[in-house]
Amino acid sequence: MIITTTENVANHEIIEVLGTTFGVVVRARGIGGDIMASLKGLVGGEVKQYTQMIEDARRQAVDRMVQNAHAMGGDAIVMMRFDSGDIGNNMSEIVAYGTVVRTRPVS
C-alpha cells in the first residue's frame, strides 16, 4: 500500500477515487505514567513513556487505516493526515485518515 501526504503518487496515475479511510486508536495513560510525567514536568525534558505511547498509537492507527483501504479495494492512500485529541483526563485519541485511490504506473 502506497501512503503519501501529497495529492498525487509519484510515477503513478490515479485512475479511481474510492473514498475516505481512517484508523482510530484511543489510549489511556496509567496512573504510574501520569505520576512520572508530573515529576518530569517539574524538571523539564521529554516524557519518553508518553512519546512511545503516541508513536505506538500512530503506527496502530495507520495499520487500521490501511486495512480499511484494502477492504475498499485501493492500492494507495493520498492526502494522509494525523489528528489527535484528549478524551477525559487520561486518554488520547489518534486518528490517521486519507483518501483511498487506485493507481497505475506511468511509463
Side-chain angles (χ1 to χ4, degrees):
M1 175 74 56
I2 299 170
I3 302 172
T4 180
T5 59
T6 61
E7 62 187 67
N8 296 305
V9 178
N11 302 316
H12 288 74
E13 174 186 13
I14 293 175
I15 57 173
E16 187 176 5
V17 175
L18 301 173
T20 58
T21 183
F22 63 91
V24 180
V25 176
V26 176
R27 292 280 175 98
R29 299 183 298 264
I31 185 112
D34 281 342
I35 291 170
M36 293 303 292
S38 295
L39 294 173
K40 189 68 166 181
L42 294 174
V43 297
E46 179 182 7
V47 182
K48 292 183 180 182
Q49 295 88 341
Y50 286 169
T51 299
Q52 188 62 50
M53 180 187 77
I54 296 299
E55 285 180 1
D56 292 344
R58 282 184 171 217
R59 275 191 214 90
Q60 191 173 21
V62 169
D63 289 346
R64 290 179 180 179
M65 177 186 67
V66 168
Q67 287 174 353
N68 289 335
H70 275 300
M72 295 170 69
D75 63 1
I77 300 169
V78 296
M79 299 300 291
M80 184 271 179
R81 301 286 187 264
F82 284 109
D83 195 5
S84 63
D86 292 329
I87 301 173
N89 291 327
N90 70 338
M91 290 182 278
S92 296
E93 169 196 42
I94 304 293
V95 181
Y97 62 95
T99 302
V100 182
V101 297
R102 284 194 187 129
T103 65
R104 73 172 159 229
V106 176
S107 45

(message) Measuring from atom OG of Ser92 to atom CE of Met53, what distance do you get when rounded to the nearest 0.5 angstrom?
(response) 4.5 Å
(message) I need the minimum non-hydrogen distance between Ala57 and Val25, along with the two atoms involved.
(response) O-CG2, 3.7 Å
(message) Can you tell me how far apart CD (Gln60) and CD (Glu55) are? Round to the nearest 0.5 Å.
(response) 14.0 Å
(request) Check whether more than 12 heavy atoms from other residues, nucleotides or ligands sit under 6.0 Å from atom CD of Gln52, and answer yes or no. (result) yes
(request) Answer yes if Val66 and Ile94 sit in the same cluster of Ile, Leu, Val, Met, Phe, Trp and Tyr residues linked by side chain heavy atoms under 4.5 Å apart, and no otherwise. (result) yes
(message) I need the minimum non-hydrogen distance between Val100 and Gly74, along with the two atoms involved.
(response) CG1-CA, 3.6 Å
(request) Could you check if a side-chain atom of Arg102 sits within less than 4.5 angstrom of a side-chain atom of Ile14, using non-hydrogen atoms only? (result) no
(message) Same cluster or not: Phe82 versus Ile54, using hydrophobic residues (I, L, V, M, F, W, Y) connected whenever any side-chain heavy atoms lie under 4.5 Å apart?
(response) yes
(message) Can a donor-acceptor pair be found, under 3.5 Å and without considering hydrogens, that links the side chain of Thr21 to the backbone of Met65?
(response) yes
(request) Can you measure from CE (Met72) to CD1 (Ile77) and round to the nearest 0.5 angstrom? (result) 9.0 Å
(request) Mind checking the CG-CD spacing from Asp86 to Glu93? Nearest 0.5 Å is all I need. (result) 9.5 Å
(message) For Thr5 and Met79: C-alpha separation, side-chain torsions, deciding distance, then whether side-chain contact (heavy atoms from CB on, under 4.5 Å) applies.
(response) CA-CA 4 Å; Thr5 59; Met79 299 300 291; over 6 Å; no
(message) Please give me the minimum heavy-atom distance between Phe22 and Asn68, naming the atom from each residue.
(response) O-ND2, 2.5 Å
(request) Give, for atom OG1 of Thr4 and atom NE2 of His12, the distance between the pair rounded to the nearest 0.5 Å. (result) 11.5 Å
(request) For residues Val62 and Met80, report the shortest heavy-atom separation together with the two atoms involved. (result) CG2-CE, 3.8 Å
(message) Show the nearest heavy-atom pair for residues Val9 and Ala76, with the distance to one decimal.
(response) CG2-CB, 4.3 Å
(request) Give a yes or no on whether the backbone of Val24 and the side-chain of Arg64 come within a donor-acceptor separation of less than 3.5 Å. (result) yes
(message) With rounding to the nearest 0.5 angstrom, report the CD to CE distance, Gln67 to Met1.
(response) 10.5 Å
(message) If we check side chain to side chain donor-acceptor pair (under 3.5 Å) with Thr103, which of these qualifies: Asn8, Asp75, Asn11?
(response) Asp75
